[in-house]
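What follows is a single structure, written as structure tokens, with notes after it.
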Amino acid sequence: MLEILKSRLLQGYRAGKFPRRAPVMPERFLGLPLIDNSLCQKDCSACLQTCPAGAIQKESDGGITLDCGKCIFCGKCARACKSGVIKFSRQHDLAAFERKQLLRRDASYSYELQPKPIIRQLCGRSLKIRQVSAGGCGACELDFNVLNTLAWDMARLHIQVVASPRHADCLLVTGPLSKNMLLALKKTYLSMPEPAFVIACGTCPISGGIFAGSEAVCDGIEEVLKPDLYLPGCPPHPASIMEALLRFMGRQMRPMEGDRENKAQKEDKAQEGDKKPEDSLKA
Amino acid sequence: MSPLIFAILLIIFAALLCLLLSFNERSAGLVVADFSSGQLHLPALIALAGTILGLLAIVPSCAIALFRDTLPGCGEFMRAWFLLPIICVGILSALHSIAYLDKSFSPLRRGVYWFFFNMTVAMMLLVTQAEHPVIFLLAWEGMGLFSFALIMFDYKQKENMHAAWIYFLACQAGGALLMLMFFAGAFPLFVFICGMLGFGLKAGAPILHIWLPGSYQAAPAPASVLLSAGMINLGFLGILRWLVLPDPALAPLLGYSLLICGMPGALLGIFFAMPQKNLKRLLAYSSVENMGLIACGLGFGFLSIHWQRADIALLSFAAAGLHLLGHSLLKGNLFLLTDHVYRASGELNLDKLGGMQKILPGTGYAYTLSAMAISGLPPGNIFMAEILLYVAAARGIASDKLSVVAPSLALFLTLAFCGVLAMTVFSKASAAIFLGEPRSKAARRNLAVPPLMKRCGIAFMVLLLIFLCGSPFLAPRLMHAFVGQYESLYSADLGAELYASALDARRLLGLVLSCVLLVGMLFILLWRVRRKYLPYSTAVPPRRFTWDCGFAQPTARMQYTGTAFVQPLVELFAPLLRPVKKILLPRGLFPKKASYELSCHDGSEQIFWRPLVNFTVRLAIFSHRLQSGHLHLYVLMLISALLALFIWGFAM
Amino acid sequence: MAEQFLILRNPGAAPLSELPILPFDEFRSQALAAIIGRKARVVAFFAYAHGAAQRLLLILASDQEGKLLLSSSEIEGAFESFTPSSAQFHWFEREIYEQHGIMPKGHPWLKPIRFDSPGSNADEPGVCEYFRLAGEAAHEVAVGPVHAGVIEPGHFRFQCVGEQVYFLEISLGYQHRGIEKMLRQGPDKKSLHLMETCCGDSSCAYSGAYAHLLESLQEDLCPTERTQVMRMIAWELERLANHTGDMGALANDVAFRPTMAYCGRIRGEFLNMTAELCGNRFGRGLIRPGGMGYDINDAIVAKLLPWLQASGKELRNALELLFSRAGVLDRFENTGTVDSKTAANIGMVGIAARASAQKQDLRSYHPYGWYRENPYEAAWAESGDVYARALIRYEEIKKSLAMLEPALKKLPPAEKNAATPPLSLQPKHIAVSMTEAWRGELCLCAITDEQGRFEQFKIVDPSFHNWYALAMALRGEQISNFPLCNKSFNLSYCGHDL
Amino acid sequence: MSMFVWFCGLLLSLLLCPLLSGLICKLKGIFVGCPGPSVWQPYYDIIKLLRKGSVYSQTTTWVLPLAPLISLAAMLCAMLFLPFAFVDSPLAFEGDVIVFFYFLAGARVISVLAAMDTGSSFAGMGASREMQFSSLAELGMFCILAFLVMTTGNFSMSGLLNGAGILIWSYSGTALLLVIIAFFILLLSENCRVPIDDPDTHLELTMIHEAMVLDYGGPDLGIIHYTAALKLWLFTSICSLIIVPAGLFSGFSGLLLFILAQFLLGVLVAIVEGTAARFRFLKVPQFLLAVPGLTIIAIIMLLLFK
């Protein structure tokens, strides 16, 4: 007992500040891509050629569209682009309620912020999640699991993982939906009482991600289930998942567009001074 | 002629007529009524009519005895109390028998069955009636013999014959002991021991219950009902009528011995019921438990008289009486319901059944309710008895004297532990039979169950309900009866005590019933709220599949079997139960086969009877050696015997 | 009969012409002789189509000599199974049968492992003939593919009576994504990312092994000394993060909340350190063939060092707390035991093998990269139970922490930024590269065609060797101990299913 | 007046019982260094579940849909006999203890049957464990009852719990202490707490209570959560009533103390959960058999020193 108390003193109170304070993402973190099509060279397709996931499309007007639902956030395109059309910000909030909102053509942030009213009414203060891995590499699961740890402690924000789909409000799917998981995913969804929601967590369930095109996968879950929330990322950072879940529950109000990036950076600098490194990184 | 004698004669007459007609081919094959499953033949009709008319004839006198307001004639009340289950169970099992004896039985066999059935009933009635030892002994012996014939009705199966022979031996031993009891009046202790053993044999006392599980399992279902719900009680009647009544001085001794037999009996019974796979065997062991508890109640009552605590005594007697009736009806019902299951599936092995609720919904409700009731859950007839005994024991615990506290405490804990183990046993049984998915082809077979059988089940449930609601009124009357019977035992004036206890019991049972009613009302209220006001529950919830982790092909093998359900408890009590496991473990990295089989042989057989038999056999072999046939050896024996006598003579 | 093996050191490549192609009987007898005589282990055994012919390729590792032995044989449609002689082949032969329909004759346990055509005839994944415990009292407990926790899918079939497990069979394949197939004709722009997503928690080990593989196939792709150190940092951070997470999970399974909570958080610290290096918590994009995706500058070193020290201290404290609780040790000890004989029979690798007294660690016996110059002494234990596997993790955590600090302090200076040359692999070569991922031995094997493309690419994840050990560990165990046993192995589903 | 206080106690118990579970979860969080779920989380969960739909399995019969409400009704009826806020229940009668515990047992049996009704191996596993552990716990419970009967000479819930006042503490405090420890073990076991069960685990193979209700969703599950919270409250109530000498407090101070005592016991449960590791299942029976063991020692002490 004494040892436990001693240990508790040493370990300290380590809960993260999210969502009260914006998370500080690592220096080299690749978040929301910002596209400046005005700089795009017409005859250049360096980004297209280098993208391993085929997320970039050249549009007829000369600009490009980056599909976050396909992007695996490797950053190769930003390095390949000599004219600086593509930049990856350190912004973590990537989730969207509609698939088409993931197509990025500019630097604005125009995601819908409010979920369907029923979700907020029902799950605003109690969201029970059943997670299903449908193929994939297991990294999304790991980073989702992180939300259970001290630093994130999603239980304090009314989110919990439950054992049975019968207990769940929401199905969180990761992975590109391997053919072998098709039936299991359907059965899990069918086992949930109404109303049942679906979250596609990670690039894989949205489009198949890096595995798109393989014979053994279905290229995302859309052909089986219509997700109520799309969260790109490979894997999404815990902060992204957390933000997405909160937004899904209708509990996270975004600061309006425009000043977001600046604000985040300012906060960064302000925090760096007074915080220990481990604290700033954890959040 | 009293109605009882008339009934006995009528039943015997019907039996003889039935037997006579059965041997005549023409009349034996004469069909009187046609049911979906079989026909009712003339002899059977006669026997059936005899039984039912006879038993119905007793009802009025029985009712008068039970509800007469004045105290005298308590002997009559007791007799009526023991007659009550025989009447109920007799009529219903007779009706069930019609459906039981379907086309597969030849008319002759039916005739024989009915003969023995009627004779058994008649002898049981005679046993309750007999006032003279010789008649009693004759009736007792007849009851044993005729029921022996019923048990060996299905004589083609070897194990049935084995069970029947053990039963026969037990009956003969019991009869012999009782004979000794009646004709050795000079030695009270000897009389007592003989009587206890003799009647204990019939009442399924621990160790002496050896015949019980096998014969219940072997007998045809209606006969099992007769045995378990009617005959087994008569052991207690014997003890009350022939042991205590003639010699009230035996009461304290009887109290101790009943309590000392009853508690381990109850525990052993329920322990051995736990791992049983055969449904009827499980019920048989549960009978041993219930008999143990009844013995506890009676024993505690007699002890309390000895302690001069009339209030405790009265409560205990009322508890024992209610328990006896409740057990008879519930056990009868459960045996009959088990027969429904057997009819529909041809299977009595718990581990192979499952999902029968969908095939036999009515049976499922009735079984589950009866199972909950027999494990002592409220609102059940057994609970009504047990709560009285609990209160009695608690009053004993609150006493100042250690000699009172210790037995009360032991009884209190025995009751609690038996109760919770019985809940385990019966939730295992009803879950394994009725709930989940069928575990074998048999459970999926869905053969027709004759409607008559089902109606018998309904009748049982109605009777149970009537007696449940009547229990607040019956309990005080039981107290009266016992006071009247054993008035000589009480030293003080009983009037006030009796009045208070009767009031206590009536109030307690009434309150329990109203609590149950309250729960029912609360439930209905909650149910309506749930249905009406919760947004999504107004719609009919979709029926999908049990959550199977998303696996493609879940099978019925993926549910707990009855044995698996109790496995942890059986392992925990393995030193007591000594389960015999035949396990072939999977060997090596890629095993070819593995298997598991568990059986629990009767504890008394292992610990007591087998060593006893072995010892006897060894003794016999040894004495056989002395009989070698050599003359000189006999001479030597003669001389040594003479020598021994000489020495003894000198020593004196 | 002289031994005919192509001998390589890890990582190594050789022209395909040097690979002996033996008649099957000789191939078989030599392989078995090497397994018995040289105490060699099966690292990989697979079939591939070479033109019209079907070839079997076997890679053995002799730990004491630090050598890899390669041999091959041409067969037609079927061959005599090795499994009855050596159970190490068991899973590989099932894979061969499933992938190519080549029948290993006499295989005692031929069932699909990934439910992928053509060898598996199942309509639905996971549906096959399971071993049964006979007797009416016996029942099955089927768990998965969708589990109660947040873990990957797999199907576990327990043969039980009540709480007692008599047999466990594990059926995987739900995570099958066809990575090996997608890698053929590479390397292309996807290849590295596919390697990193073979098994999400071992991204660095995979990308490292892949880098070594390409570096051995292309001579001018030569990692600098600084690169070697940086890779080691990535690997050991990965190891630390995963071992820490596992210790927390083990604590969780015995419901010991303090250590579970602390380890969960500290694992995050290690992941965040990795993210500090490359922006991704799993080290994606950090290691690439020929060099590193990102450099470690002084600012990062200054940030990481105190961070590492603090986290290390907290971690030691959390683990000491765990190992000091009698209740925890009681749960750990004698639970899920795999004895050393079984471990050797099955051919277990990694921490699970080291916990069952198998002295094997690629960093010691087949050193590669940084470990070549810096000898590493493997930790091992005897008892083979959950306790041993936890203890090995604790020892390795201590060792990793001890390696990381000096490495970070004394990073070799950055060399003049020489651009990595474009990829052009040697044609008609065979290359094998193994790294000790945190779970154990990870083996990549590539065969290039005339254009220097991958004609065949084989991945053997450590879990591939170890899943059967988990099944063995559960025999005769209580079913309630399964989560604990499972966590103590913590095998990868996706790494196995690929 | 006292009747009004009792009624307030009853009402507050009905209202506050989920808060106790919430508090335990919160404290467990704080114990390891994070905020933990909101104390109101159980309320949010229950309200949400009541508003959701449900799905029933084709395998199930009448037992599954009825069981949660039967359990709740039985539990509600049983709690009428408790002397809330140290005031004797107006419904008390001799023997109501038996009704109380048998109603609880009935609730347990019906939920076990409901679990078996699904035909799922997990539910069967949970049911089998529940029956095993509760059989042993019941034996302990009745030992404790016997002890209380012995000390108070009364056999109604109110008499037993309120009677165990200053007197016992004064003449056999040690015995009472043993009994309280024993009862606390029962409290942990009956409410599926560490070290017997882990309410936080979500692994099918190790759960007891949660494994049994895997197939419930929506309103039924909400009712089950509430019933579980109520059961915990009933047990902490009994525990606090045994500990606190009744005569000392009356009226609203008693009510206040009563509520406070529940939450203090909740803190104790949280501390146990925060520090203990869970037992192997094979060891649980030994742990549970300690209850009758301790109580019988207490009874012997009582007999010796009375």
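This structure is a prediction, so every number in the text was calculated from the model and none was measured. Chain identifiers are assigned alphabetically (A, B, ...) following the order of the sequence lines, protein sequences preceding nucleic acid strands; residue numbering begins at 1 within each chain.
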*Is any side-chain heavy atom of B/Leu377 less than 4.5 Å from a side-chain heavy atom of D/Phe103?*
no
*Heavy-atom distances under 4.5 Å only: say whether D/Asp117 touches chain B with side chain, backbone, both or neither.*
both
*Heavy-atom side-chain proximity of B/Phe565 to D/Met131 below 4.5 angstrom*: yes
*Are the side chain of B/Asp548 and the backbone of D/Ser120 linked by a donor-acceptor contact shorter than 3.5 Å?*
no
*Verify the ring-centre separation between D/Tyr102 and B/Tyr390: is it less than 6.0 angstrom?*
yes
_Working to the nearest 0.5 angstrom, can you tell me the gap between B/Leu518 CG and D/Leu76 CG?_
9.0 Å
*When heavy-atom pairs shorter than 4.5 Å are enumerated against chain D, which of B/Tyr365, B/Phe434, B/Phe426 gives the highest number?*
B/Tyr365
*Out of B/Val519, B/Val405, B/Leu435, B/Leu409, which one racks up the most heavy-atom pairs below 4.5 Å with chain D?*
B/Leu435
*Answer with side chain, backbone, both or neither: which region of D/Arg108 has an atom nearer than 4.5 Å to a non-hydrogen atom of chain B?*
side chain
*Using a cut-off of under 4.5 Å for heavy-atom pairs, which of D/Thr59, D/Leu66, D/Val55, D/Val99 has the most such pairs with chain B?*
D/Thr59
*Engaged part of D/Met141 at the chain B interface, taking heavy atoms whose separation is under 4.5 Å*: neither
*Atom pair CD1/CZ of B/Ile397 and D/Phe147 - distance to nearest 0.5 Å*: 12.5 Å
*Could you give the distance from OG (D/Ser71) to CZ (B/Phe523), rounded to the nearest 0.5 Å?*
10.0 Å
*Checking heavy atoms, do the side chain of D/Phe133, its backbone, both or neither come under 4.5 Å from chain B?*
neither
*Using a cut-off of under 4.5 Å for heavy-atom pairs, which of D/Ile299, D/Asn154, D/Leu64, D/Asp220 has the most such pairs with chain B?*
D/Asp220
*Quick check: does any side chain N or O of D/Ser54 sit under 3.5 Å from a backbone N or O of B/Pro541, one acting as donor and the other as acceptor?*
no
*Is B/Lys358 reaching over with its side chain to a backbone N or O of D/Thr60, donor-acceptor style, under 3.5 angstrom?*
no
*Name the member of B/Pro568, B/Ala416, B/Ala431, B/Gly376 that forms the most heavy-atom pairs with chain D at distances under 4.5 Å.*
B/Pro568
*Walk me through it: do B/Arg395 and D/Glu94 pass the test salt bridge (charged side-chain N to carboxylate O under 4.0 Å, His left out)?*
CA-CA 10 Å; B/Arg395 288 189 184 177; D/Glu94 187 189 14; 2.8 Å; yes
_Tell me which of these, B/Leu421, B/Leu415, B/Leu402, B/Thr424, has more heavy-atom pairs under 4.5 Å with chain D than the rest._
B/Thr424
*Part of D/Asp96 lying under 4.5 Å from any heavy atom of chain B*: neither
*Under a 4.5 Å heavy-atom cut-off, does chain B meet the side chain of D/Phe142, its backbone, both or neither?*
both
_Flag side-chain contact, heavy atom, 4.5 Å: B/Trp547 against D/Thr118_ = no
*Could you give the distance from CG (D/Leu80) to CG (B/Leu522), rounded to the nearest 0.5 Å?*
7.5 Å
*Check whether B/Leu569 gets within reach of chain D through its side chain, its backbone, both or neither, counting any heavy atom under 4.5 Å.*
both
*Is it the backbone or the side chain of B/Phe383 that comes under 4.5 Å from a heavy atom of chain D, or both, or neither?*
side chain
*Side chain, backbone, both or neither: which part of D/Val112 has a heavy atom under 4.5 Å from chain B?*
side chain
*Exercise: do D/Ser121 and B/Arg557 side chains pair donor with acceptor under 3.5 Å*: no
*Decide side-chain contact (heavy atoms from CB on, under 4.5 Å) for D/Met116 and B/Tyr560; before the verdict, give the C-alpha distance in whole Å, the side-chain angles of both, and the deciding distance to 0.1 Å.*
CA-CA 8 Å; D/Met116 296 298 282; B/Tyr560 260 50; 4.2 Å; yes
*Against chain B, work out which of D/Ala146, D/Gly153, D/Pro292 has the most heavy-atom pairs shorter than 4.5 Å and name it.*
D/Ala146
*Spell out, as yes or no, whether a donor-acceptor pair under 3.5 Å connects the side chain of B/Arg543 to the backbone of D/Tyr56.*
no
*State, to 0.1 Å, how close D/Pro285 and B/Leu572 come at their nearest heavy-atom pair, and which atoms those are.*
CB-CD1, 3.6 Å
*Pairwise side-chain contact, D/Ile98 with B/Val512, heavy-atom cut-off 4.5 Å (strictly under)*: no
*Where does B/Met423 contact chain D at under 4.5 Å (heavy atoms): side chain, backbone, both or neither?*
both
*Does D/Leu113 reach the side chain of B/Ser430, with side-chain heavy atoms less than 4.5 Å apart?*
yes
*Is the closest side-chain heavy-atom distance between D/Phe122 and B/Thr546 below 4.5 Å?*
no
*asked:* Minimum heavy-atom separation for B/Val420 and D/Ser134, please, with both atom names.
replied: CG2-O, 4.1 Å
_Spatial distance of atom CD (B/Glu571) from atom CD (D/Gln132) [nearest 0.5 Å]_ = 10.0 Å
*With a 4.5 angstrom heavy-atom cut-off, could you sort out which part of B/Leu388 is near chain D: side chain, backbone, both or neither?*
neither
_At a 4.5 Å cut-off on heavy atoms, which part of B/Ala556 comes close to chain D: side chain, backbone, both, or neither?_
neither
*Interface residue of largest heavy-atom contact number with chain B, from D/Leu139, D/Leu69, D/Asp215, under 4.5 Å*: D/Leu69
_Side chain proximity check, D/Cys143 to B/Phe412, heavy atoms < 4.5 angstrom_ = no
*Measuring heavy-atom distances to chain B, does D/Phe281 have an atom under 4.5 Å in its side chain, in its backbone, in both, or in neither?*
neither
*Contact origin within D/Leu282 toward chain B - heavy atom pairs under 4.5 Å*: neither
*Is D/Ser128 close to B/Gln567 at the side-chain level, that is, under 4.5 Å between some pair of heavy atoms?*
no
_Segment of D/Glu204 engaging chain B (4.5 angstrom heavy-atom cut-off)_ = side chain
*Which bit of B/Leu526 is near chain D, if near means a heavy-atom gap under 4.5 Å: side chain, backbone, both or neither?*
both
_Please classify the contact of B/Ser408 with chain D as side chain, backbone, both or neither, using a heavy-atom distance under 4.5 Å._
neither
*With only heavy atoms counted, which part of D/Val63 is less than 4.5 Å from chain B, the side chain, the backbone, both or neither?*
side chain
_Show the nearest heavy-atom pair for residues B/Ala394 and D/Val149, with the distance to one decimal._
O-CG1, 3.4 Å
*Atom group of B/Val516 that falls short of 4.5 Å from chain D, counting heavy atoms*: both
*Which bit of B/Leu413 is near chain D, if near means a heavy-atom gap under 4.5 Å: side chain, backbone, both or neither?*
both
*asked:* Please classify the contact between D/Val109 and chain B as side chain, backbone, both or neither, with a heavy-atom cut-off of under 4.5 Å.
replied: side chain
